Structures are given as structure tokens and as C-alpha cells.
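Reading through the C-alpha cells given below for one structure.
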Amino acid sequence: MKRMIWMFIVNLIHVPRVLYQLLTRAAHPERYTEEERYAVIHEIAERGIKGGRVDVVSSGVENLPKEGGYILYPNHQGLFDVMVLIDLHQKPVTAVLKKELVNIPLLKQIIICLDALALDRSDARQGLKVVLQVAEDVKKGKKYIIFAEGTRSRNGNHLLDFKGGSFKSATKAKCPIVPVALIDSYKPFDTGSLARVTVQAHFLDPIPYEEYKDMKTPQIAEMVKSRIEEKIAACGGV
């Protein structure tokens, strides 16, 4: 919370303009292009990181597929994860988020501008609708972020098990899967400190559909998790 407040204070001069843009685009998203709505969220992420005393070290952004849709599958450490991924992702990208976030002021407007999908983890039928919606969107070229752990790990850079069901959208869309290794992404918001921190985000080689098409979703989940764990270990995260 301290760092969030600090981000706000440091960027105070920009707050009225950015807040106006966010609220107007969220109130009437149909009046703005996907790129126009995303530009506001991208600026919020970029200014927040720079003003929040966070250094981001990244790799592999150049390996993201140049055409068509795909799904990013990062490990999940906390609220900062989406911020850093949006900051590094120049083209519009959206996410599947838990429904509890939908009605939080300002976050609600951000979700609308991203055209993100809310997942009710207690409703299997609604979950299937989200899976199918993501698949259809990706077929049309959209990019998604899905946290396959289902909830954030509260054990530093150690991962929880990846849920096989999280990969159903990818198998239905027959799209590239992009594993993302996040290291120390929990530190900005979860340590209660304002000390400068470094977060790493590594986009691993995309996994084409041909590589995983004959695998069951739990096998895909284990493969993606293993690749992320190997990258975290190689970068000294564990």
C-alpha cells in the first residue's frame, strides 16, 4: 500500500488528465478503439513503475509472435504482475481476472478499458463460457494473460501447481502459448517497503500448437510450469 500511495504522489501532476481519460473511456468504451483504451492503461503502468522506485529487467519480448493471437501464461505473485506485463507489452493485451476485482473503484474502469474477462471460480458453467470466449477472441487475434496457478503464490518465487483447465482456451484456439517467468514481482506491493526493488520478467520461447496438440491439459500445465521454474532458477530467483 505504501508504494501504491507513493506512485500516486509522484505522478500527481498527471493524475487529473489520466483519470479523466480513464473514466471517459470506461464510461463509453465503444467510442474508442482498443488501441486508444489500451494506451491509457499502458501509461498508468509505465508511470506507476517509474515513479514507484521499481526497476524492471526483461528479456524475450522480441520473441512474441508478430501476428495473430496468443496467450501469456506467467507465474502469479501479486497485483504487480499485470502492471509489469502491460508495461512491457506494447500491443493491446487483456487478461482473465477473478470476479472479486470487478467492482473495485478505478480497477473496475481499468478492467473495462482492457476488455478483461471476469472469472467466477465457484461457477463451472460461467467458467466454461470464459474459456470459450477467450478461445474465440484469440482466434480473432487478441492477446490474453491467464494465471494458471489460479491464485497468487505467497511463497516468493516458488510456484503453485498450474491448473490444467487454464490451458483449455489455448487448445481450443490452437494458439501459441507464451510462458512468462516473473521474479520478485511480489516485492513492490507485498513487502511494505519503499526501498528500490528490481523485478524480472522473462518471456520464454512461444510454444506452438503443433508442439502441444497431442498432450492433455495437465501435461501442458506441467510443461509450462517446468519451463518457468527452470528460467527462475537460471536467473537466481530460487
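Source: prediction; values computed, not measured.
Legend: residues meeting ring pair (Phe, Tyr, Trp, His ring centres under 6.0 Å) with F167, ordered by chain and number and at least two apart, are Y73. Every residue two or more places apart in sequence or in another chain that forms a salt bridge (charged side-chain N to carboxylate O under 4.0 Å, His left out) with D190 is listed here: R152. Residues satisfying the side-chain contact (heavy atoms from CB on, under 4.5 Å) test with Q90, not counting sequence neighbours, are H42. Listed by chain and number, the residues in a ring pair (Phe, Tyr, Trp, His ring centres under 6.0 Å) with F162 amount to none (sequence neighbours excluded). R47 meets the salt bridge (charged side-chain N to carboxylate O under 4.0 Å, His left out) test with E43; sequence neighbours excluded. Y209 meets the ring pair (Phe, Tyr, Trp, His ring centres under 6.0 Å) test with Y212; sequence neighbours excluded. Considering only residues two or more places apart in sequence or on other chains, Q126 meets the side-chain contact (heavy atoms from CB on, under 4.5 Å) condition with L119, D120, D123, V130. In this structure, Y32 has no ring pair (Phe, Tyr, Trp, His ring centres under 6.0 Å) partners at least two apart in sequence or on a different chain.
Nearest heavy-atom pair across V199 and P188 is CG2-CG, 3.8 Å. Across all their heavy atoms, V96 and Y144 have their closest contact at CG2-CD2, 4.0 Å. Nearest heavy-atom pair, D205 versus P179, reported as atom, atom and distance to 0.1 Å: O-CD, 3.7 Å. Closest of all the heavy-atom pairs between S185 and D81 is OG-OD1, 2.5 Å. Residues P29 and R37 come closest through the heavy atom pair O-NE, 3.4 Å. The minimum heavy-atom distance between T217 and G164, with the atom names listed, is CB-O, 3.1 Å.
The pair E211-R227 meets the salt-bridge criterion, with a side-chain N (NZ, NE, NH1 or NH2) lying under 4.0 Å from an Asp/Glu carboxylate O.
Listed for the K143 side chain is a donor-acceptor partner under 3.5 Å among the backbone atoms of G141. Checking side-chain atoms of K231 against main-chain N and O of F203 turns up no donor-acceptor pair under 3.5 Å. Put simply, the side chain of N11 never gets that close to the backbone of F8: no donor and acceptor are under 3.5 Å apart. A donor-acceptor contact shorter than 3.5 Å links the side chain of T94 to the backbone of L114. With hydrogens and angles disregarded, no donor-acceptor distance shorter than 3.5 Å links the side chain of D184 to the backbone of N157. Remark: the backbone N or O of N155 is not paired with any side-chain donor or acceptor of Y186 at under 3.5 angstrom. R25 contributes no side-chain N or O that, together with a main-chain N or O of C113, makes up a donor-acceptor pair within less than 3.5 Å. One N or O on the side chain of E149 and one on the backbone of H76 form a donor-acceptor pair closer than 3.5 Å.
With a 4.5 Å cut-off on side-chain heavy atoms, K2 and S193 do not count as touching. Between R3 and M7, some side-chain heavy-atom pair lies under the 4.5 Å cut-off. At least one side-chain heavy atom of S153 sits under 4.5 Å from a side-chain heavy atom of L160. Using a 4.5 Å heavy-atom threshold, the side chains of I228 and V180 count as separate.
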(request) Test L22 against I110 for side chain to side chain contact (heavy atoms under 4.5 Å, CB included), laying out the working first. (result) CA-CA 7 Å; L22 174 63; I110 289 173; 4.1 Å; yes

(message) For a side chain to side chain contact (heavy atoms under 4.5 Å, CB included) check, start with the C-alpha distance between V197 and T191, then their side-chain angles and the critical distance, and finish with the verdict.
(response) CA-CA 10 Å; V197 295; T191 58; 5.5 Å; no

(request) May I have the step-by-step check of side chain to side chain contact (heavy atoms under 4.5 Å, CB included) for H89 and I145, ending in yes or no? (result) CA-CA 11 Å; H89 206 282; I145 300 166; over 6 Å; no

(request) Applying side chain to side chain contact (heavy atoms under 4.5 Å, CB included), run through V82 and F147 and close with a yes or a no. (result) CA-CA 10 Å; V82 174; F147 294 105; 3.8 Å; yes

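Under the 4.5 Å side-chain heavy-atom criterion for grouping Ile, Leu, Val, Met, Phe, Trp and Tyr, Y70 is connected to L182 within one hydrophobic cluster. Tracing side-chain contacts under 4.5 Å through hydrophobic residues (I, L, V, M, F, W, Y), one never reaches I86 starting from V134; they form parts of separate clusters. A single hydrophobic cluster is seen to contain both Y38 and V40, as judged by linkage of ILVMFWY side chains at heavy-atom distances under 4.5 Å, directly or through other members. Linking Ile, Leu, Val, Met, Phe, Trp and Tyr whenever their side-chain heavy atoms come within less than 4.5 Å puts L72 and L79 in one cluster. Taking hydrophobic clusters as Ile, Leu, Val, Met, Phe, Trp and Tyr residues chained together by side-chain heavy-atom distances below 4.5 Å, V93 shares a cluster with V84.
Here the CG-CD1 distance, from D87 to I44, works out to 12.5 Å after rounding to the nearest 0.5 Å. Put simply, CD on Q77 and CZ on F189 are 13.0 Å apart, with the number rounded to the nearest 0.5 Å. In this structure, CG in L97 is found 10.5 Å from CD1 in I146, a value given to the nearest 0.5 Å.
Remark: the S226 side chain and the E222 side chain contain an N/O donor-acceptor pair separated by less than 3.5 Å.
For residues 105-119, the set of pairs meeting the side-chain hydrogen bond (donor to acceptor under 3.5 Å, both in side chains) definition, not counting sequence neighbours, comprises D115-K142.
Around NZ of K139, the count of heavy atoms belonging to other residues, nucleotides or ligands within 6.0 Å exceeds 12. Surrounding CD1 of I9 are more than 12 heavy atoms belonging to other residues, nucleotides or ligands, all under 6.0 Å away. Within a 6.0 Å sphere centred on CD of E67, heavy atoms belonging to other residues, nucleotides or ligands number 12 at most.
Taking Ile, Leu, Val, Met, Phe, Trp and Tyr as hydrophobic and joining them when side-chain heavy atoms fall under 4.5 Å apart, one finds L132 in a cluster with L128.
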I'd like a table of donor-acceptor pairs (distance under 3.5 Å, sequence neighbours excluded) in which one partner is a side-chain atom from residues 48-64, with atom names and distances.
| unit_1 | atom_1 | unit_2 | atom_2 | d |
| --- | --- | --- | --- | --- |
| R53 | NE | L194 | O | 2.8 |
| D55 | OD1 | R196 | NH1 | 3.0 |
| S59 | OG | H202 | ND1 | 2.6 |

Check residues 169-177 and write down every donor-acceptor pair under 3.5 Å in which the side-chain atom is one partner and the other belongs to a residue at least two apart or another chain.
| unit_1 | atom_1 | unit_2 | atom_2 | d |
| --- | --- | --- | --- | --- |
| S169 | OG | V131 | O | 2.9 |
| T171 | OG1 | K168 | O | 2.8 |

